[in-house]
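One structure is given below, encoded as structure tokens.
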Number of protein chains: 2
Amino acid sequence: MKNKNIDIYKIADEAGVSKSTVSRVINNKAGVKDSTRKKVSKVIKDLNYKPNSSAKGLASKKTQTIGLVISDITDPFFAMFVKGAERKAMEANYNMMLANSHWVVEEELKCIQMFEEGRVDGILMISGGSEKRLDSYLNNLATHNLDIVVVDRKIENEKIPKLNADNVDAGYRATKYLIDLGHKRIAHIKGEDVASSDASRDRVKGYQKALAEAGIKDEIIYPGYFAREEANQATKKLMTEHPEVTAIFYSSDMMAIGGLKALKSMELRVPQDVSIIGIDGIEMAALMDPPITTLAQPAFEMGYLGMEKLIKKLNGEASNSHTEDVIFQMELIERDSTSKLD
Amino acid sequence: MKNKNIDIYKIADEAGVSKSTVSRVINNKAGVKDSTRKKVSKVIKDLNYKPNSSAKGLASKKTQTIGLVISDITDPFFAMFVKGAERKAMEANYNMMLANSHWVVEEELKCIQMFEEGRVDGILMISGGSEKRLDSYLNNLATHNLDIVVVDRKIENEKIPKLNADNVDAGYRATKYLIDLGHKRIAHIKGEDVASSDASRDRVKGYQKALAEAGIKDEIIYPGYFAREEANQATKKLMTEHPEVTAIFYSSDMMAIGGLKALKSMELRVPQDVSIIGIDGIEMAALMDPPITTLAQPAFEMGYLGMEKLIKKLNGEASNSHTEDVIFQMELIERDSTSKLD
DNA sequence: TTTATTCCCGGGAGCGGTCCCAGAAGGTAA
DNA sequence: TTACCTTCTGGGACCGCTCCCGGGAATAAA
């Protein structure tokens, strides 16, 4: 506004050197006499000069910022993921642009396209609906333009490094846990319905696998759309239509919390009448009454490692990414929402 | 990477016009024959051309992105604030860069300086410690370089539009509510201790005012640092040192939740033995057992309006900002964590 | 002292847009 | 037909930085 465009020339003048030299000291490059470097540094500091990042971006084709696309920042799992990602970004001196897709593919696409305008060196994205058109878009992007790392999405492209929680295993373990407690009528509130996320789908698979292994025929699955309120409704419906159910496995803690509320409202005691288990490991689940048993995902680490992977790729440090795909194991946290069936 | 720098010249060539014309249609400016506009648009679409935002930023001195600095994305209040801000940003076609300060002034400063490198048209910041050096930094920034809007911080500068919740009023009302229920021994768990945030400080004032008005002499104040675990500890300490207390006013819901846990662990029943009330109105508080009474802040609106105000300012639509400062009133949400004292 | 080498540093050509200005085309009035 | 507007369009000068290249100064080797 007011400031007389204090640019690199100004610094050069003031320090009695050329802009090239100033550029060198800014970027900490070799080939500058120590005394000159000091002199220039001083001027930079005195004038509080900040190199214009647009110009820098234009000339160097690097913006030092990465785009993060997530589903909903309001969800504690994603918030923690973002926190992890940000930590790494900060450490590596990257900025972060945030975009929420609100679980809808169109917005997800819109976010990505926004990032495509060269304002971002790479994209870190987590989950989202698993639609083929998004997949193909990502494929195209990855081969032509941007570096990208994807979390919680199974996409077949060796150019795109992936990080995934072992969701089949999680679904299996959650269900198995219930079975081991003696439950036989076990329902599952899954995430999305149509256009299901890969995570949700895999957890269903794990659920089915555990059931099959135990010789239990009845699969009882209701959609909860990864939302507390929906899960609340679903639980009511479920318990009305299947009063024989003694245990429910929710595909997220948030849904388990909604379910807990529904159960209470139906005068069903947890865990005496119904045992419940969630997935995610958000703080909130531990604060419920009763605290909810869950399989915890390392959200912070996922964010951190995802970002790390992306930055490495940007720096060309990526090795054979296909063999490098990371799989996170979830951790069972036993609390008081589950009990043995007599 | 692979793509042959498809730039504005390429489009111009392909469409048989000059880059100027292409620029005109990109930015939707007048003075282009309809047929030419169509032709150019088609080429742009066919080649999936995205104007480089660094170049754009350099030439136009506008980046169409704003920087958001908050304390902790993991806190539901901030998450909701961000969500509101993002909505408005999207609507106005702005991008958003996110930076967390983790409640420490140094990081806050660091974030702002990152944004200063011309990668951002303006800054929306919420709260943070109220230190003078930050204030003076912001003052300097606002008068020389960047547009900035500040939420939950009292800073004396007519160049900086402000949005504040009425924290004194909130503290007053929360305490008054307790008093009206017949409580006389009312403790307060405040936010920060030293370098207190303005919000925290004002709420304390409100607490004191209500007490004074009711002729209650004993001010019992402990710091909870706006953190659940700290508040948990503080509550235990408080109830040990002041077993006569029958009601506690927490400066945030998160702290009230921590306090609730402490109370339960001490075999104190809420609300029969101790009434508690929080501030913020986060979803989580409603899910506790018992649901916690609170004064809700319109977090989403605060984000939305803050962003709106900033964007207006960027567009030069700002009127006399000083008279324009917004004050939000909080809304009392009565739940089951408070009861009449017999 | 002369000749190489190395070390520093400056100049200039972009990077991909915006925007002002001037000129070509086409339309209208004298 | 000529003069004069309007409407469209093209050219070129930046925006502030990076990076390559070439030259001068300083130092080492001959």
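The chains referred to below are lettered A, B, ... by the order of the sequence lines, with proteins before strands, and numbering in each begins at 1.
Side-chain atoms of B:Thr65 come within 3.5 Å of backbone atoms of B:Arg119 as a donor-acceptor pair (strictly under, hydrogens ignored).
The distance between atom NZ of B:Lys38 and atom C1' of D:dT9, rounded to the nearest whole Å, is 18 Å. Atom P of nucleotide C:dG10 and atom CG of A:Asp13 are separated by 11 Å, given to the nearest angstrom. When the P atom of D:dA26 is taken as reference, atom CG of A:Asp34 falls 17 Å away, rounded to whole Å. We find that NZ of A:Lys39 is positioned 8 Å from P of C:dC9, with the value rounded to whole Å. In this structure, NZ of A:Lys10 is placed 18 Å from C1' of D:dC17, rounded to the nearest angstrom. Distance NZ (A:Lys62) to P (D:dG16): 23 Å, rounded to an integer number of Å.
Of the charged side-chain nitrogens involved, at least one lies within less than 4.0 Å of a carboxylate oxygen, so that A:Lys313 and A:Asp147 count as a salt-bridged pair. Note on B:Glu117 versus A:Lys50: no salt bridge recorded, every NZ/NE/NH1/NH2 to OD/OE distance being 4.0 Å or above. A salt bridge links B:Asp72 to A:Lys83: one of the charged nitrogens lies within less than 4.0 Å of a carboxylate oxygen.
The residue among B:Gly16 and A:Ser53 whose nearest nucleotide of DNA chain D is located toward the 5' end is B:Gly16.
Distances shown here put every side-chain N or O of A:Thr36 at or beyond 4.0 Å from the OP1 or OP2 atom of C:dC8.
Side chains of A:Glu91 and A:Tyr304: a donor-acceptor N/O pair is present below 3.5 angstrom, by distance only.
Note that the CG atom of B:Leu163 and the CD atom of B:Glu308 stand 10.0 Å from one another [nearest 0.5 Å]. From A:Ser71, atom OG reaches atom CD of A:Glu107 across 10.5 Å, with rounding to the nearest 0.5 Å.
From one end of the helix from C:dA4-D:dT27 to C:dA30-D:dT1 to the other, with five pairs defining each end axis, the axis direction shifts by 50° (rounded to 10°).
Between B:Met97 and A:Leu98, every side-chain heavy-atom pair lies at or beyond the 4.5 Å cut-off.
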- Quick tally for nucleotides 14-19 of chain C: nucleotides whose base has a protein heavy atom under 4.0 Å get B, sugar-phosphate-only ones S, the rest -, giving BBBBBB

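Looking at every heavy atom in both residues, A:Pro51 comes nearest to A:Ile26 through CG-CG2, 4.2 Å.
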